[in-house]
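Each remark here refers to the structure printed beneath this line.
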There are 2 protein chains.
Amino acid sequence: MSSTNNINTEEKILSAAAEIFQEKGYDGARMQEIADKANINKGLLHYYFKTKDILFDAIFSIALKRMVSNIHSILAMELPLEEKMDMIIDGYMNLLLRNATLPRFVINELSKDADRFIAKHLNSSANSIFIDFDASVKKEVNAGRIKQIDSRHLFMNLISLIVFPFVGKPMLQVIISIDNKEFHALMQERREAVKSFMKMALRP
Amino acid sequence: MSSTNNINTEEKILSAAAEIFQEKGYDGARMQEIADKANINKGLLHYYFKTKDILFDAIFSIALKRMVSNIHSILAMELPLEEKMDMIIDGYMNLLLRNATLPRFVINELSKDADRFIAKHLNSSANSIFIDFDASVKKEVNAGRIKQIDSRHLFMNLISLIVFPFVGKPMLQVIISIDNKEFHALMQERREAVKSFMKMALRP
DNA sequence: GTCTATATCATGATAGAC
DNA sequence: GTCTATCATGATATAGAC
């Protein structure tokens, strides 16, 4: 019997649902397609997750945490600014090279009703960790070790350089006209490219 | 009678559809909601645009062109690299400050089936304009006027810094924890922030 | 051109046998 | 737990009166 089967089936569902939801979004995803991908039928799918919303929330919650927990834990560390930034670059690039559609999914669903999702899925305690980053930047600026810059723009620049190429891939490919293979090679190099670009921009 | 009414109604539909599709995407948009926003009924909506797909294509085509035509025309110009980049920053930031949801919409729908959309909506002649940018960068690098850098990464960096904050707004707000008002103020400053960041990074 | 009413179909969800 | 119906809803699309 089936305490083992339970787990296998539920995991099969979650894994299938993650793929479908990430690829097509909540609105585009079909319970039938998720059931097919998990090799079960709709009835059983609804047995494990009563509604599409409940299943979606399970997937989205994991995705959102994956997307922000890295950065929160790094920002909370006691480290020099440069090391913090390098760690963020390494951490995110590793994550995104493995799961390129994650940020687009999170951003999209978040943008439908950000407040609701944040309240629902995030321990609001995670608040205001950014003030540490801000303090780091001001310290480095005052010590003359980096150029004067607004820490919020600096932070946005950092995240933009890392995340956007993955999110905006289809648009970038239209403009630059490179194929998937070239694109992938470019992303492999990008970890170091972003690190050096940030350092170049900040040198006094 | 109604040659005037035609135009007004069609424009009302296009304007309503643009709002709804951009906000909710193809899958999330409802013909009923578009009809409501245009102050007509579903029957009339289908009289002007036989299917949802046809209406969507009309909207998406405009959005895609708006998103890439700027940049294509600028890249095609005979101008020093720095001026080119400043023009791209100004052009895009103006566009996005006026229509912040445009890039997310384009990227999303594009990512569903990039090839189909590109073939359908873009004169494929627009190809390979990027080689001009590449040549500009190499010239500046060889002349020692900017730091050594891969032109494709440089281009990605430029677009990322401009576009991502608008696309990733909900996620950035989760991490930085700023409200809409602060965010808007930040975007107002950002035009100059990006210009100076790019120049700082490239100085030899 | 514009409206109301309706056909058609797809989807999320449930009921009930095994 | 798993499956096979089946229901109920809501969405696109059409028909036909005005």
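Values below: all heavy atoms of this structure, side chains included; hydrogens, waters and symmetry mates excluded. Labels below follow one simple rule: chain letters A, B, ... track the order of the sequence lines, proteins then strands, and each chain is numbered from 1. The shown structure was predicted, so the numbers you read here are calculated from the model rather than taken from an experiment.
A sub-4.0 Å separation between OP1 or OP2 of C:dA10 and a side-chain N or O of A:R30 is absent. An OP1 or OP2 oxygen of C:dT2 is reached within less than 4.0 angstrom by a side-chain nitrogen or oxygen of B:T9. Taking 4.0 angstrom as the limit, B:H46 places a side-chain polar atom (N or O) nearer than this to OP1 or OP2 of D:dA13.
The aromatic ring centres of A:F21 and A:F56 sit less than 6.0 Å apart.
Taking atom CD1 of A:I40 as the reference point, atom C1' of C:dA13 lies 14 Å away to the nearest angstrom. Regarding A:Y48, its OH atom lies at a distance of 18 Å from the C1' atom of C:dA13, rounded to whole Å. One interatomic measurement links the two molecules: CD1 of B:I34 to P of D:dA11, which rounds to 12 Å at whole-angstrom precision. The nearest whole Å value for the distance from the CD atom in A:Q32 to the C1' atom in C:dG12 is 11 Å. Across the protein-nucleic acid pair, B:L55 atom CG and D:dA13 atom C1' stand 14 Å apart, rounded to whole Å. The CG atom of A:L45 sits 14 Å away from the P atom of C:dT11 (whole-angstrom rounding). Atom CE of B:M31 and atom C1' of D:dA13 are 9 Å apart (whole Å). Rounded to an integer number of Å, the gap from B:N39 CG to C:dT2 C1' is 14 Å.
Heavy-atom contacts from other residues, nucleotides or ligands closer than 6.0 Å to CZ of B:R98 number 12 or fewer.
Scanning for ring pair (Phe, Tyr, Trp, His ring centres under 6.0 Å) contacts around B:F166 gives an empty result, with sequence neighbours left out.
Comparing B:Y47 and A:K50 along DNA chain C, the residue whose closest nucleotide (by nearest heavy atom) sits nearer the 5' end is B:Y47.
Between C:dA13, D:dC3, D:dA13, one nucleotide has an atom nearer to the side chain of A:N41 than all others, and that is D:dC3.
B:K42 comes within 4.0 angstrom of a base, heavy atoms only. When heavy atoms are screened at a 4.0 angstrom cut-off, A:A29 is found touching the sugar-phosphate backbone but no base atom.
For the residue pair A:Y26/A:D53, the side-chain donor-acceptor check at 3.5 Å is satisfied.
In this structure the side chain of A:K169 never reaches within 4.5 angstrom of the side chain of A:L172, judged on heavy atoms.
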